[in-house]
Structure formats: structure tokens, C-alpha cells
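Have a look at the structure below, then the notes.
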Amino acid sequence: MVISLITPATEGALLVPYPATLDVPYELVEHVAWLLHERRLACNTRWRKLGCFKQALLALVHLRKNETFSQLGAGFGISQVTAWRYVDETLDVLAGWAPGLHEALTGLGEGDHVIVDGTLIAIDRVRADEPYYSMKHRRHGMNVQVITRPDGVPLWFSRATPGRTHDLTAARAHGIVQACLTRQILVLADRAYQGAGATVRTPYYRHHEQPEHYQQFNRDHARLRAPGERAFAQLKSWRILRRARCSTRRIGTIVQAVHTLLTCNYSG
């Protein structure tokens, strides 16, 4: 079957669907399908072009492979607009299950520690879009803060803010510093968070010029922080977050949806 989808990028071309595999567990697709089934029951939806399983698969293909809606529509036998609506609905459902900051920190308290860091989600923008241009990364993007356990398991991802937002500014705006101070949770962070005070611990500047115990502190600090990078690796294994082509307002929703996918279980 050959489906012609006329878009600015494919005008005059034919999009040909082909069999492919998706590197996610089958149980994950079933779990997302069950969440969509509950959504349809709540909305009293009687009929859809795609069933819940196919809609879940459609959204996961978009997130995992970053395929365009034209490509998705061709592959699933639906229009580009319908593909967008199905993906958008699925993202909202998944994002609704992502924990809030205080929920994520439940069970943690004095004597515990977490790792806090920020990452840039690259986006398509021109240099004139100054709020989104990160001087640190020399590219346009959205700043996302993450809190992880000591082993690197993500506890919480923040909403996305423009790329030029400094990590410390973002951490304060999201309430991370205050929330950890209230619970007396030790926070390990990089030099971008120097000046946060409270329970935040950062490396020493120019530690090579300092006494040996300063240097040892920085080595121990770096070793304890290293597992936090796993959260970013897991986040960006979903290719849509390597270079997002969507509205900047939807990136936060995508991050929350991916967090749900990273942490959900399949017990139904």
C-alpha cells in the first residue's frame, strides 16, 4: 500500500510504509495501551481509527525514533493530523503520571543524598532566538533539571526553561534547593550550582592549588556524582530529546512522558 501525504517537505513524493522493529519491551507498549484504554473509558470514546495498542505503539515510535508525523501517518495508515492528535493525547496521558517534586522526594530525609544536574534539550531555532541560546553549550535548547538517586535512577525531571537559563537559577526557580533544605537532604552538584548554599555541595575551584584534602574532596565528589549521568543517557535514548522539532511548550510534557516510561512498571 502506498499513501500519498502532501506536506511542504514531501510534496510530490510518495511515502512507502515498511516493516520495522522498535527497541522497547512489548510489556511497555501494553502498559501504555492500558493507560490509553482507561483514558478512553473516562472520555466515553466509542471508536477510533487505531486501537489502544496501535496508538501506544505510534507514540512510542515517535518518541524513540523521532519520526515525523508524515512518516508516522504513512506507517500506520492514518493522516498526518490524526497522527499528531494521537501522539499529543498519549503524551498528556503519560505526563499526567509523572511525579511532582515533593512526591519524588517522599521517603528521603536527613542522612540521604541526591544528585542534581541540568541538561540541554537541543531544538531547531535561529540564533536570533536569544532566550533559547545557551552560551555554555553554544546551541539552542531548553534547560531541564534532574534529581537522581545515588545510583543514577531518576527521581524527578523539571519542566523545561529557555536554554540560556543558568542551572542555579533554574534549580531555585523549580524549588529544588528549598525542598532539599526542608528535608535536610544532601545535594551533590557541579560548579554551576556554587552559591546555592543550604544543603548543596559543589566542588572547589582551582583545587590543584589547594591542599591535598581539597583535591581529595573533589575526587570523591566527582565519583559520587558520576552515576547521575546515567539519567541523561536514559533520557536521550529517546531520540526526540536529542533534537526536538516541536513547540518549546511541549518539550516539558515530552520530558515528563519519557520519565513515566523510564519508571513505570508493567503490573497493570
Side-chain angles (χ1 to χ4, degrees), residues 5 7-10 22-24 58-73 75 80-81 83-98 100-101 116-148 154 156-176 189-190 192-193 228-263:
L5 294 177
T7 68
T10 62
L22 187 65
D23 58 340
V24 299
L58 172 85
L60 291 175
V61 168
H62 177 63
L63 294 173
R64 194 69 168 179
K65 303 179 73 175
N66 199 16
E67 291 192 348
T68 66
F69 293 113
S70 296
Q71 293 169 326
L72 291 173
Q80 178 179 344
V81 173
W84 181 87
R85 285 195 294 105
Y86 281 178
V87 169
D88 198 58
E89 179 184 41
T90 307
L91 290 178
D92 285 337
V93 169
L94 290 172
W97 284 90
L101 175 58
V116 173
D117 205 350
T119 190
L120 189 80
I121 306 298
I123 60 174
D124 289 324
R125 286 293 186 278
V126 298
R127 191 177 180 87
D129 292 329
E130 184 179 351
Y132 302 102
Y133 188 75
S134 168
M135 294 298 295
K136 175 182 176 181
H137 298 276
R138 302 294 179 181
R139 64 194 306 182
H140 291 83
M142 299 294 285
N143 181 301
V144 172
Q145 299 290 300
V146 61
I147 301 177
T148 72
W156 181 77
F157 289 102
S158 75
R159 67 183 186 276
T161 55
R164 74 173 180 182
T165 307
H166 192 276
D167 281 337
L168 177 54
T169 301
R172 284 173 169 162
H174 297 311
I176 296 172
D190 63 22
Y193 298 84
E229 296 297 327
R230 297 175 188 169
F232 294 140
Q234 291 177 332
L235 185 68
K236 294 186 179 180
S237 67
W238 300 83
R239 294 181 184 174
I240 194 170
L241 293 175
R242 296 181 191 176
R243 190 169 191 85
R245 295 187 293 260
C246 63
S247 164
T248 56
R249 289 176 295 180
R250 292 301 284 167
I251 292 177
T253 302
I254 293 172
V255 170
Q256 298 300 314
V258 170
H259 185 197
T260 297
L261 294 172
L262 291 174
T263 58

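Note: hydrogens, waters and symmetry copies are ignored here, and every other heavy atom, side chains too, is used. Each residue takes its place number in the sequence, starting with 1. Here the structure is a predicted model, which means the values were calculated and not measured.
P162 and P131 get closest at one heavy-atom pair: CB-O, 3.0 Å. Contact detail for I254 and L91: the closest heavy-atom pair is CG1-CD1, 3.9 Å. Summarising the geometry of A83 relative to L72, their closest heavy-atom pair is CB-CB, 4.3 Å, with the distance given to 0.1 Å. Closest approach of T161 to A170, counting heavy atoms only: OG1-CB, 4.5 Å.
The side-chain heavy atoms of I123 and T248, taken from C-beta on, include a pair separated by under 4.5 Å.
Atom-to-atom distance recorded for D117:CG and I147:CD1 is 11.5 Å, nearest 0.5 angstrom. Taken from CH2 in W84 to CD in E89, the straight-line distance is 11.0 Å, to the nearest 0.5 Å. In this structure, Q234 CD and L241 CG are separated by 13.0 Å, a value rounded to the nearest 0.5 Å. Here the OG1 atom belonging to T119 is positioned 5.0 Å from the CZ atom belonging to F232, to the nearest 0.5 angstrom. Between atom CG of residue N143 and atom NE2 of residue H166 there is a gap of 10.0 Å, rounded to the nearest 0.5 Å.
Listed by chain and number, the residues in a ring pair (Phe, Tyr, Trp, His ring centres under 6.0 Å) with F157 are H259 (sequence neighbours excluded). Every residue two or more places apart in sequence or in another chain was checked for a side-chain hydrogen bond (donor to acceptor under 3.5 Å, both in side chains) with D190, and none qualifies. Evaluation of the side-chain hydrogen bond (donor to acceptor under 3.5 Å, both in side chains) rule for T148 yields no partner, not counting sequence neighbours. Looking at residues two or more places apart in sequence or on another chain, you find a side-chain hydrogen bond (donor to acceptor under 3.5 Å, both in side chains) between R64 and D23, S237. Under the side-chain contact (heavy atoms from CB on, under 4.5 Å) criterion, A171 pairs with Q145, I176, V177, Y193, sequence neighbours left out. Applying the salt bridge (charged side-chain N to carboxylate O under 4.0 Å, His left out) rule to K236 yields no partners; only residues at least two apart in sequence or on another chain are considered. With sequence neighbours left out, L120 forms a side-chain contact (heavy atoms from CB on, under 4.5 Å) with S134, H137, R139. Here R250 pairs with D88, D92 under the salt bridge (charged side-chain N to carboxylate O under 4.0 Å, His left out) rule; sequence neighbours left out. Taking S158 as the reference, H174 meet the side-chain hydrogen bond (donor to acceptor under 3.5 Å, both in side chains) condition, with sequence neighbours excluded.
Between the side chain of D167 and the backbone N or O of A192, no donor-acceptor pair lies under 3.5 Å. Side chain of T260 to main chain of L94: a donor-acceptor pair is present (N/O by atom type, distance under 3.5 Å, no hydrogens or angles). Of the possible polar contacts, one joining the N66 side chain to the R243 backbone as a donor-acceptor pair under 3.5 Å is found.
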Margin query: Could you go through L63 and L261, starting from their C-alpha distance and side-chain angles, then the distance that decides it, and tell me whether this counts as side-chain contact (heavy atoms from CB on, under 4.5 Å)?
Written below: CA-CA 10 Å; L63 294 173; L261 294 172; 3.8 Å; yes

**OP:** Report the C-alpha distance between L262 and W238 in whole Å, list the side-chain angles of each, state the deciding distance to 0.1 Å, and finish with yes or no for side-chain contact (heavy atoms from CB on, under 4.5 Å).
**Re:** CA-CA 10 Å; L262 291 174; W238 300 83; 3.8 Å; yes

**Report entry** Evaluation steps, side-chain contact (heavy atoms from CB on, under 4.5 Å), between L60 and T90
**Finding:** CA-CA 9 Å; L60 291 175; T90 307; over 6 Å; no

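The aromatic rings of H62 and F69 lie parallel to each other, their planes meeting at an angle below 30°, with 60° marking the opposite boundary.
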